[in-house]
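For the numbers below, each heavy atom of this structure counts, side chains included, while hydrogens, waters and symmetry mates do not. Proteins come first, then strands; the chains are lettered A, B, ... in the order of their sequence lines, and each starts at number 1.
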There are 4 protein chains.
Amino acid sequence: MGETKPARTGRPRSEFCQQAILRAALDLLAEEGLAGFTIEAVSARSGVARTTIYRRWLTRGALAVDSFRHAVSAEFTLSPTASAVADLRTAYLGMIRLLQGQHGRILASILAEGHSDPTTIGAFTDGYLIPARVLPLHILHRGIKTGEFRADVDPQFVMELLFGAVYRRLLLRQPLDEAWGNAVFDLVLTGCTPQPQQASQTMAA
Amino acid sequence: MGETKPARTGRPRSEFCQQAILRAALDLLAEEGLAGFTIEAVSARSGVARTTIYRRWLTRGALAVDSFRHAVSAEFTLSPTASAVADLRTAYLGMIRLLQGQHGRILASILAEGHSDPTTIGAFTDGYLIPARVLPLHILHRGIKTGEFRADVDPQFVMELLFGAVYRRLLLRQPLDEAWGNAVFDLVLTGCTPQPQQASQTMAA
Amino acid sequence: MGETKPARTGRPRSEFCQQAILRAALDLLAEEGLAGFTIEAVSARSGVARTTIYRRWLTRGALAVDSFRHAVSAEFTLSPTASAVADLRTAYLGMIRLLQGQHGRILASILAEGHSDPTTIGAFTDGYLIPARVLPLHILHRGIKTGEFRADVDPQFVMELLFGAVYRRLLLRQPLDEAWGNAVFDLVLTGCTPQPQQASQTMAA
Amino acid sequence: MGETKPARTGRPRSEFCQQAILRAALDLLAEEGLAGFTIEAVSARSGVARTTIYRRWLTRGALAVDSFRHAVSAEFTLSPTASAVADLRTAYLGMIRLLQGQHGRILASILAEGHSDPTTIGAFTDGYLIPARVLPLHILHRGIKTGEFRADVDPQFVMELLFGAVYRRLLLRQPLDEAWGNAVFDLVLTGCTPQPQQASQTMAA
DNA sequence: CTTTAATCGAGACGGTACGTCTGGTCTTGTT
DNA sequence: AACAAGACCAGACGTACCGTCTCGATTAAAG
């Protein structure tokens with residue numbers, strides 16, 4: 001990888017600094033949101049010089065995304081069952097549970113920051129969204145094969161609906177709870193499962 | 001109204017300034033997003049003194065929300081037809097069409113700003129969301145009465161799903177197009193219309 | 001006078017306002033000096049509208065000078081004795097006593113303000129200094145006639161020395177006390193009274 | 001000195017900036033007095049960022065005093081003669097000559113600023129007045145020893161009278177000229193030199 | 001007994017400067 | 001090289017007053 005050998009010579013980067021910075025960034029994002037999430041503040045809180053942070057992250061957003069990944073990583077392990085629907089629901093509710101606390105606030109920060117800085121959403125998409133989707137997409141594809149889901153269902157599209165509702169609540173500072181998550185899941189699922197008669201045709205008429 | 005007599009005395013506020021400020025704010029939000037949306041910049045662009053802006057809006061977010069309302073107001077007129085479903089779809093697609101351009105960018109700005117400033121989402125909810133929902137909610141209630149929608153459908157919840165997907169795309173800078181809008185609408189609708197057999201029960205099993 | 005008929009018609013100016021403004025101005029100058037002496041503050045404290053103050057005084061300095069005059073006026077009555085020197089000393093010490101408190105602070109304000117605004121020192125000179133000097137100058141002239149003072153003494157110059165020392169102490173925030181005042185008076189007097197042999201000639205040699 | 005090692009680390013302060021700021025401050029004070037002497041203006045004129053100025057001087061007055069010192073420093077060299085009186089007169093007239101131009105205006109600015117800000121007069125006293133007095137006080141003490149001045153003369157007090165008159169003229173915007181300076185000096189001197197008979201006793205009587 | 005004309009309170013308005021905060025860059029010496 | 005420390009430029013923040021202006025509401029004397 002190009003990443004493995006960026007610096008062969010000179011003093012190596014301190015792993016200790018890395019941890020201190022990510023920790024401080026995470027705390028600040030959780031406590032005060034974007035407003036308090038300032039390179040200056042991260043530096044002060046972590047005890048690492050400002051220069052060091054700038055050297056490692058080009059933008060505030062990149063640091064935020066890395067902090068989020070650092071916090072969420074290794075949170076997920078899922079033991080698959082026979083039912084793809086059940087597995088998906090478990091994964092979805094797990095995510096909602098996670099986002100109820102600090103992590104939801106941080107995710108919202110990233111989305112907000114992304115509005116002014118395209119590279120942030122790039123980093124978020126590539127660094128988190130896509131990897132995180134591998135598992136649920138896999139479940140969906142499995143379900144399509146077993147017939148639990150309709151064949152014409154677009155897995156990406158399903159994810160979009162499921163999480164669109166979540167993002168909206170996060171940004172509007174409305175609470176996420178499991179009952180609500182189940183309701184969202186149920187409604188979306190209804191549109192994904194095989195049914196005797198297609199409803200949408202009638203409507204378009 | 002209680003609003004008509006807030007200040008009987010003193011020099012009245014200039015309506016000209018009001019327009020100039022809202023216009024400038026709108027343009028800046030559309031062109032540069034939150035980053036360029038600075039009171040200083042609004043002042044410079046509108047030719048109105050900074051103090052005058054501060055006098056009228058307590059926060060940047062409040063100004064953003066007002067700009068958005070000012071721009072969107074009187075965009076909507078809907079001639080109802082016999083079908084509640086068709087009316088709702090028309091309204092939804094109309095909104096999507098509107099948000100494809102500048103207005104989408106501005107709405108995203110408001111959501112982003114709202115992350116750091118709770119009053120902004122308050123202003124957005126009270127000043128825009130709730131009033132704007134009156135019409136679609138009315139359509140939904142009508143549809144429930146006529147049996148086009150299932151009786152146990154929560155209109156608020158339906159709106160949440162429909163627009164959650166939209167907000168998510170706006171924030172992730174993904175394009176809104178009508179085909180996509182129709183697909184969202186179809187899927188959500190499937191979960192709202194009467195069906196021979198309830199799907200979700202089977203699934204939860 | 002040109003002053004008696006500036007406005008024959010219309011609503012006459014309120015004497016009550018005049019008093020309230022001068023009072024408030026005086027208090028502010030005494031309490032906070034020039035820094036707190038703001039038209040806004042005078043307005044707030046006096047309860048009189050800002051416009052009204054601007055209508056009556058063209059500059060801040062003019063108001064300050066008027067306040068000082070208003071406060072000092074009618075403080076002085078002097079019953080002359082046989083000795084011009086004694087009368088002058090009495091007047092001088094009386095002035096020092098007066099300037100020990102608030103009035104000294106206010107006088108310093110006027111001098112300070114005058115630095116940035118020439119009209120203020122004009123107003124001070126014409127409105128206070130010159131009238132206030134009439135009495136001491138009269139005493140000095142009397143003393144010259146009686147031979148208590150040397151014939152070649154310039155009364156204005158004597159006043160300058162006596163009060164230069166006072167102004168200096170006021171501006172450098174050093175205390176004025178009567179012992180000091182007496183010392184100043186004695187030293188200056190030595191240079192004004194007839195003496196057997198002229199000292200200064202020897203010195204210049 | 002404790003001053004030599006206040007900050008060993010970090011980027012050292014730019015001497016170039018220091019000079020540019022002091023120069024600009026001096027020019028502004030001379031040209032427009034306190035009114036135009038604004039941190040903003042100093043920054044604009046010197047080309048140095050506002051923050052840099054704030055970092056180095058806590059108050060406007062402190063900067064003014066430093067500017068004055070910077071301008072006056074190394075103006076004075078005096079070659080002592082046999083006569084203490086002559087030396088003192090030379091020093092006094094030298095100072096008056098210096099204060100006739102820009103420097104007088106600047107000194108007045110400092111006194112004026114000092115009225116609202118005690119730290120300014122503190123800085124002025126400690127940073128300029130006291131050091132500048134060393135030489136004349138020395139002359140006076142010498143003169144007392146040699147009998148040119150009376151033994152009971154207080155040197156500080158003499159200086160006070162000499163310069164009180166100067167300050168007064170500066171603040172009242174009256175011109176300083178050498179003839180006047182000589183007259184002040186003569187009069188004050190008369191009170192300091194040995195005389196056949198004490199005048200003040202007669203007066204108090 | 002109306003005009004008439006100035007005063008008064010209230011507050012909007014365009015400015016200017018304040019002092020603070022953060023961003024990003026740079027220049028030191030130290031590790 | 002990386003790192004800590006901190007100077008530096010740039011620019012927006014929100015506040016405080018400035019002096020001017022527009023209102024409507026008083027208030028006396030003149031018509």
Side-chain angles (χ1 to χ4, degrees), chain A residues 6-14 16-17 35-44 47-56 58-60, chain B residues 6-18 35-44 46-56 58-60, chain C residues 6-14 16-17 35-44 47-56 58-60, chain D residues 6-14 16-18 35-44 47-56 58-60:
Chain A
R8 306 168 295 93
T9 175
R11 176 172 170 178
R13 291 192 174 172
S14 154
F16 176 79
C17 286
F37 180 60
T38 234
I39 299 292
E40 198 115 351
V42 174
S43 164
V48 173
R50 243 151 24 98
T51 343
T52 302
I53 302 176
Y54 281 117
R55 197 178 298 119
R56 301 188 182 199
L58 290 180
T59 65
R60 203 166 69 141
Chain B
R8 317 162 292 89
T9 177
R11 178 173 172 176
R13 293 195 172 170
S14 155
E15 184 55 29
F16 177 79
C17 285
Q18 192 80 358
F37 179 61
T38 233
I39 301 291
E40 197 117 349
V42 173
S43 165
S46 65
V48 173
R50 228 143 46 84
T51 33
T52 300
I53 303 177
Y54 282 117
R55 197 177 298 117
R56 299 188 183 203
L58 290 180
T59 66
R60 208 166 64 137
Chain C
R8 309 167 294 95
T9 175
R11 176 173 173 177
R13 292 192 174 171
S14 154
F16 176 80
C17 285
F37 179 60
T38 237
I39 300 292
E40 199 115 351
V42 174
S43 164
V48 173
R50 238 148 30 91
T51 344
T52 302
I53 302 176
Y54 281 117
R55 197 177 299 119
R56 300 188 183 200
L58 289 180
T59 65
R60 202 166 68 140
Chain D
R8 313 163 296 91
T9 179
R11 178 173 171 175
R13 292 192 173 171
S14 155
F16 176 80
C17 286
Q18 192 80 358
F37 179 61
T38 235
I39 300 290
E40 197 117 349
V42 174
S43 165
V48 172
R50 231 143 43 85
T51 32
T52 300
I53 302 176
Y54 282 117
R55 196 178 299 118
R56 299 187 183 202
L58 289 180
T59 66
R60 207 166 67 139

Response to the item:
Of the listed E:dG11, E:dG24, F:dC9, the closest approach to the B:Thr9 side chain comes from E:dG11

Discussion item. Just the rounded figure in Å: distance from P of E:dA17 to CD1 of D:Ile53.
Written reply: 13 Å

Worksheet item: Does the base of E:dC26 carry an N or O that pairs as donor and acceptor with the side chain of D:Arg11 under 3.5 Å?
Response: yes

Discussion item. Distance check, rounded to the nearest 0.5 Å: D:Arg56 atom CZ versus D:Thr51 atom OG1?
Written reply: 10.5 Å

Item to complete: Grab the two heavy atoms, one from B:Arg55 and one from B:Arg13, that are nearest each other, plus how far apart they are.
Response: O-NH2, 3.7 Å

Fill in: Value in whole Å for how far the P atom of E:dA12 lies from CD of C:Glu40
12 Å

Worksheet, complete the sentence: Between D:Arg56 and B:Ile39, whichever has its closest DNA chain F nucleotide further toward 5' is D:Arg56

Worksheet item: Could you give the OH-to-C1' distance, from D:Tyr54 to F:dG11, as a whole number of Å?
Response: 14 Å

Fill in: Residue met sooner reading DNA chain E from 5', once C:Val48 and B:Val48 are mapped to nucleotides
C:Val48

Worksheet item: Which pair of non-hydrogen atoms, one from D:Gly36 and one from D:Ala41, has the smallest distance, and what is that distance?
Response: O-CB, 3.6 Å

Discussion item. Under 4.0 Å, heavy atoms only, any strand: does D:Ser14 hit a base, just the sugar-phosphate, or nothing?
Written reply: sugar-phosphate

Practice prompt. Would you mind reading off the distance between D:Gln18 atom CD and F:dC8 atom C1', rounded to a whole angstrom?
Written response: 14 Å

Worksheet item: Would a distance-only check, ignoring hydrogens and angles, find a side-chain to backbone donor-acceptor pair under 3.5 Å from C:Thr38 to C:Glu40?
Response: no

Worksheet item: Expressed in angstrom and rounded to an integer, what is the separation of D:Arg55 atom CZ from E:dG19 atom P?
Response: 16 Å

Practice prompt. Could you tell me the separation between the CZ atom of B:Arg50 and the C1' atom of F:dG14, rounded to a whole number of Å?
Written response: 8 Å

Response to the item:
Testing E:dG23, F:dA10, E:dT20 for proximity to the side chain of D:Ala49, the answer is F:dA10

Practice prompt. When you get a sec, tell me which of E:dT20, F:dC8, E:dG14 is the closest nucleotide to the side chain of D:Arg13?
Written response: F:dC8

Item to complete: Calculate the interatomic distance between A:Phe37 atom CZ and E:dG23 atom C1'; express it in whole Å.
Response: 14 Å

Discussion item. I want to verify a distance call: between F:dA28, F:dG19, F:dA12, whose nearest atom is closest to the C:Pro12 side chain?
Written reply: F:dA28

Worksheet item: B:Phe16 CZ to E:dC13 P: how many Å, rounded?
Response: 12 Å

Fill in: Most 5' of D:Gly10 and D:Thr51 on DNA chain F, judged by nearest nucleotide
D:Gly10

Practice prompt. Specify the residue among C:Thr52 and D:Leu58 whose closest nucleotide of DNA chain E lies further upstream toward the 5′ end.
Written response: C:Thr52

Worksheet entry | Shortest non-hydrogen contact from C:Ser43 toward C:Val48 | OG-O, 2.7 Å

